[in-house]
Every structure is written in C-alpha cells, then in structure tokens.
Asker: 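Sharing a structure below in structure tokens format, with a few things to ask.
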Amino acid sequence: MWLTVTQLATAQNLVTNGDFEQSFKNPCRFISDSKVNISDYLVDWRSPTKGTSDPWYTSDTITDYCTQNLKGIGYLAHSGTRCAGIYTAAIVNGVLHLGDEPNYREYLQTKLRKPLQKGQLYTVEVYCRRHPYAGTITNNLGFYFSVGSTNATMNSWLPLPVKPQINIEQTIDSFKEWVKIGGCFVADDKYDYLTIGNFFDDKHTLFQTGSLPNRGDYPYYLLDDVVVKETPVDKLPKPRFLGVDSTLCPQQTLTIRLPDVPEVTYKWQDGSDALNYQITRSGSYSVVAQLDQCVVKDTLNVVVEKSFRLPADTTLCNSERLLIRPTGSDSRAVWSDGSRDSTLTVSETGVYWLRVPTGHCNLADSVKVEFVGCNPFIPNVFTPNGDGKNDFFVIDPDNEKQIDWHITILNRWGGRVYEANPYRNNWNGGNLPAGVYYYLLDNRQYNRRVKGWVTIYR
C-alpha cells in the first residue's frame with residue numbers, strides 16, 4: 001500500500017458520484033440516528049451497517065448549530081463543495097471510555113458503474129483528511145470489493161466480517177492538507193460494490209495521538225474524490241526487473257537502465273528518480289516503480305571487490321629483510337609462496353605477487369625486490385705510478401650490481417682534497433703526494449656510511 005500527496009487521476013472512474021457532489025439535501029448535524037442513512041443525503045452512497053457515516057458540505061452561511069458546514073472547521077472539500085466522513089473507531093488513544101461502544105465502525109458503500117473484470121488490475125484511491133477535533137488517529141482504512149452489497153450486519157455497528165482487498169497499514173495523521181491513499185489489486189471476481197472503512201476490530205487496530213494538541217475525540221476522517229479505475233498492467237515492470245545480485249571489480253560501474261514508460265515514475269532508495277542509475281559501491285539498492293496507486297518494488301544487492309596494492313619495486317642491502325604489506329586485506333588472498341598471511345617477509349631477490357581468486361576479477365599485484373651488496377671491498381693502499389697496475393682507488397662491490405657512492409677524500413689535517421658523486425673508481429690521487437688519506441663513502445638510498453683510510457704509494 002502507498003501513502004502520498006499527488007494530483008487527482010483523470011482516467012475513467014468506475015465510482016458514480018465519487019466526489020459526493022450529487023446530493024438530495026444538505027445535512028445540519030452529524031447523523032446520530034441509525035434509522036437515518038447517508039443515502040438520504042448523497043446520491044449513490046449508503047451506510048451498509050448501523051454505523052452512521054456523515055455528509056459534509058460548504059456553505060457561506062455559518063451557524064453554530066449546523067456542524068456539517070466545512071467552513072465551520074476551517075476546511076474546504078478536496079474538490080467541489082462536498083465530502084463524507086466516518087469514524088474508524090470509538091476509542092480515544094486506545095482507551096475505551098465509559099459509554100463508548102467497543103469496535104464501533106462506520107462505512108461508506110457504493111455500487112460501481114459496471115462490474116470489475118476478473119483478472120484485470122485496478123487502482124483504488126481516495127483523498128483523506130483528519131477532522132481537526134479528532135485527537136486520535138488510526139490505521140486500517142480499507143477498501144473492500146464485493147459481488148452485491150454487504151447487508152449481513154445491517155443491524156450492527158460492529159466491523160464487517162470481511163477482508164479488504166486493499167488496506168492502509170500506516171496511521172493517517174494529515175489535517176493540514178488532503179492526502180491521497182490507496183493501492184491496487186487484481187480482481188478475482190466480478191465485483192460491483194465498493195465499501196470503505198476499518199474492517200479490523202480494536203485489538204488489531206493501531207491507535208495513536210494525533211499531532212494537534214488539546215484534542216481528545218475519536219478518530220474521524222473526511223473522504224473525497226473516490227476513484228476506481230483500470231490500470232494497464234503491461235506498463236509496470238515485471239518482478240525482479242533490476243536483475244540478479246551482482247559483483248563488480250574495482251573501478252567498475254554498473255548502470256541500471258529502467259524502461260521509460262509514460263505515467264510510470266521511479267524512486268530509488270536515495271531519492272533519485274533517474275532512469276539510468278549508476279552503481280559503483282557495495283550496498284543494497286532498491287527502486288519503487290509506481291503507476292497510479294500500483295507499486296512494484298525491487299532490490300539489488302551489489303558487492304564491489306576490494307582493491308589492493310603492493311609497494312613499489314625496491315632494492316635493499318643483502319643484510320636486510322623486507323616486510324611486504326598490501327594496502328587493503330582479503331582473507332582469500334594467496335601469496336606467491338602459497339601462504340595466506342596478511343604480510344610476506346622476503347630476503348632474496350625476486351618477483352613476489354599477491355592474488356585474490358574471485359571468479360569475477362583479476363585481482364593481483366606484484367613487486368620486484370632486489371638485494372645488493374652494501375659492504376664493498378675497500379683497499380687500504382694503491383700505487384698510482386703509471387704501470388697499469390693498481391693505479392686507481394677501486395671500490396669493489398660484493399655482487400654484480402654496482403651501487404653508487406658519494407665519496408669524499410680528506411688529508412690528515414681534515415682538508416677536502418677530492419669529491420665525486422657518484423664515484424666511478426677513477427681517482428688516481430692526482431698530484432697529491434704519497435701518504436695516508438681518509439675517505440667517507442655515503443649512499444642515502446640504502447642509508448649506508450663507510451669511512452676509513454687509504455695509503456698512496458708513489
């Protein structure tokens with residue numbers, strides 16, 4: 001069922017005098033005598049029970065005595081000058097007071113222009129407004145269709161012992177404006193009568209205090225513009241129109257394209273009415289398709305696989321260890337060595353990868369790790385005499401990869417006599433005299449500093 005504020009439908013109405021404008025005479029006060037029926041005032045409407053439903057009208061002549069003048073309560077009919085009113089119970093806020101009648105109900109009943117067609121979808125709607133002096137509100141305003149009138153309880157004010165095809169389960173509290181309520185159903189018989197009211201007893205009716213202060217009267221509602229009309233079922237989307245639940249890969253977008261059908265409106269869970277709706281995050285997505293008072297709802301669950309990344313390729317010294325920690329975690333993840341731990345510690349040169357077997361996405365990343373010697377062999381003497389042997393100060397790496405060093409050579413008084421960055425093993429002492437010199441090797445990439453001394457022999 002659905003509760004919303006909309007405009008009056010213009011399709012063919014199967015309810016005669018649905019706006020209550022056709023009348024025999026104007027009432028003055030509430031009908032209180034069960035021998036008087038609303039059919040004495042309104043054309044094609046009647047009360048099928050002992051309950052006394054009431055006609056209302058608008059008149060420029062306002063008297064304190066005539067309670068049924070809408071201007072006396074500051075209201076206007078939803079359309080025209082007339083409407084009808086019913087009590088949905090005789091209890092104030094769920095409490096039965098002395099003299100009240102338990103399970104008291106009032107109904108409005110009319111014969112349709114023509115019987116409903118079996119198997120046809122129908123929309124039913126009515127505009128409703130709470131009387132301003134009714135301090136109690138209820139749910140269970142229902143619509144019951146029958147073959148023939150329901151006269152079995154004509155001498156009783158109790159609820160009609162039938163189940164309405166449409167029932168409003170929300171409480172109705174609106175007094176500032178008219179709201180349209182209703183629903184839709186598929187006729188399973190050639191129904192030719194409509195009855196409106198509360199078909200549930202007090203035990204199964206929800207009573208609440210209305211939003212107007214200082215009101216303590218029974219729940220009473222005004223009704224206007226009753227509509228029953230055929231609804232083209234082929235315009236509504238079929239069940240499960242959103243498709244099956246989906247799994248997306250990271251950065252993937254799922255676009256739901258709803259059919260653009262005249263008179264069908266859509267409302268997503270976030271309030272969007274988009275026909276093309278894009279999904280990029282995990283969650284439950286639902287949309288309501290509505291045609292008149294007919295509502296079809298579908299929900300789609302979407303899971304977006306979590307992405308992850310491994311650190312950038314790196315080079316370390318042989319004596320170090322690297323802890324590889326991915327950004328993001330997944331219990332399904334498998335490392336290149338077959339382990340499923342959240343991290344991987346490596347100490348050898350190689351390519352290491354992490355994969356998540358999803359069946360949907362290729363979730364994998366790898367990192368290249370290289371270990372190099374950071375403790376080179378450094379000679380403590382060289383002989384730059386031009387014989388082609390040991391003429392240069394050569395720093396030998398301890399593996400095939402030569403790392404770059406920043407070198408500074410100092411004399412014994414601390415003066416800088418040579419500097420190179422990077423050093424290419426090409427210092428032959430220059431014109432320096434033989435003697436002891438001091439060196440400082442620095443590599444910021446590997447956070448290494450080495451210092452020592454070397455002797456030049458000429």
Asker: Under 6.0 Å between the ring centres of Trp453 and Tyr437?
Answerer: no

Asker: Do Trp427 and Phe382 have ring centroids that are under 6.0 Å from one another?
Answerer: yes

Asker: Do the side-chain N and O atoms of Asn426 and Tyr423 include a donor-acceptor pair separated by under 3.5 angstrom?
Answerer: no

Asker: Report yes if the distance between the aromatic ring centroids of Phe185 and Phe145 is under 6.0 Å, otherwise no.
Answerer: yes

Asker: Applying the side-chain hydrogen bond (donor to acceptor under 3.5 Å, both in side chains) test to His406, which of Arg449, Arg444, Glu419 qualifies?
Answerer: Glu419

Asker: Looking at Arg130 and Asp173, does any basic side-chain N land under 4.0 Å from a carboxylate oxygen?
Answerer: yes

Asker: Taking the side chain as every heavy atom from C-beta outward, state whether Tyr221 and His131 have any pair of such atoms under 4.5 Å apart.
Answerer: no

Asker: For a 4.5 angstrom cut-off between non-hydrogen side-chain atoms, does Arg129 reach Tyr75?
Answerer: yes

Asker: For the residue pair Thr205 and Arg105, establish whether any side-chain heavy-atom pair is separated by less than 4.5 Å.
Answerer: yes

Asker: Ignoring hydrogens and angles, tell me if any N or O in the side chain of Asp298 forms a donor-acceptor pair with the backbone of Leu242 under 3.5 Å.
Answerer: yes

Asker: Whether the side chain of Asp224 engages the backbone of Tyr127 through a donor-acceptor N/O pair (distance < 3.5 Å, no angle test) should be reported.
Answerer: no

Asker: Are Leu223 and Leu108 packed together at the side-chain level, in the sense that at least one heavy-atom pair is separated by less than 4.5 angstrom?
Answerer: yes

Asker: Got a donor-acceptor contact below 3.5 angstrom from the Thr58 side chain to the Thr81 backbone?
Answerer: yes

Asker: Check the orientation of Phe241 and Tyr266. Use parallel for under 30°, tilted for 30 to 60°, and perpendicular for over 60°.
Answerer: tilted

Asker: Would you check if the side chain of Asp292 reaches a backbone N or O of Cys294 as a donor-acceptor pair within less than 3.5 Å?
Answerer: no

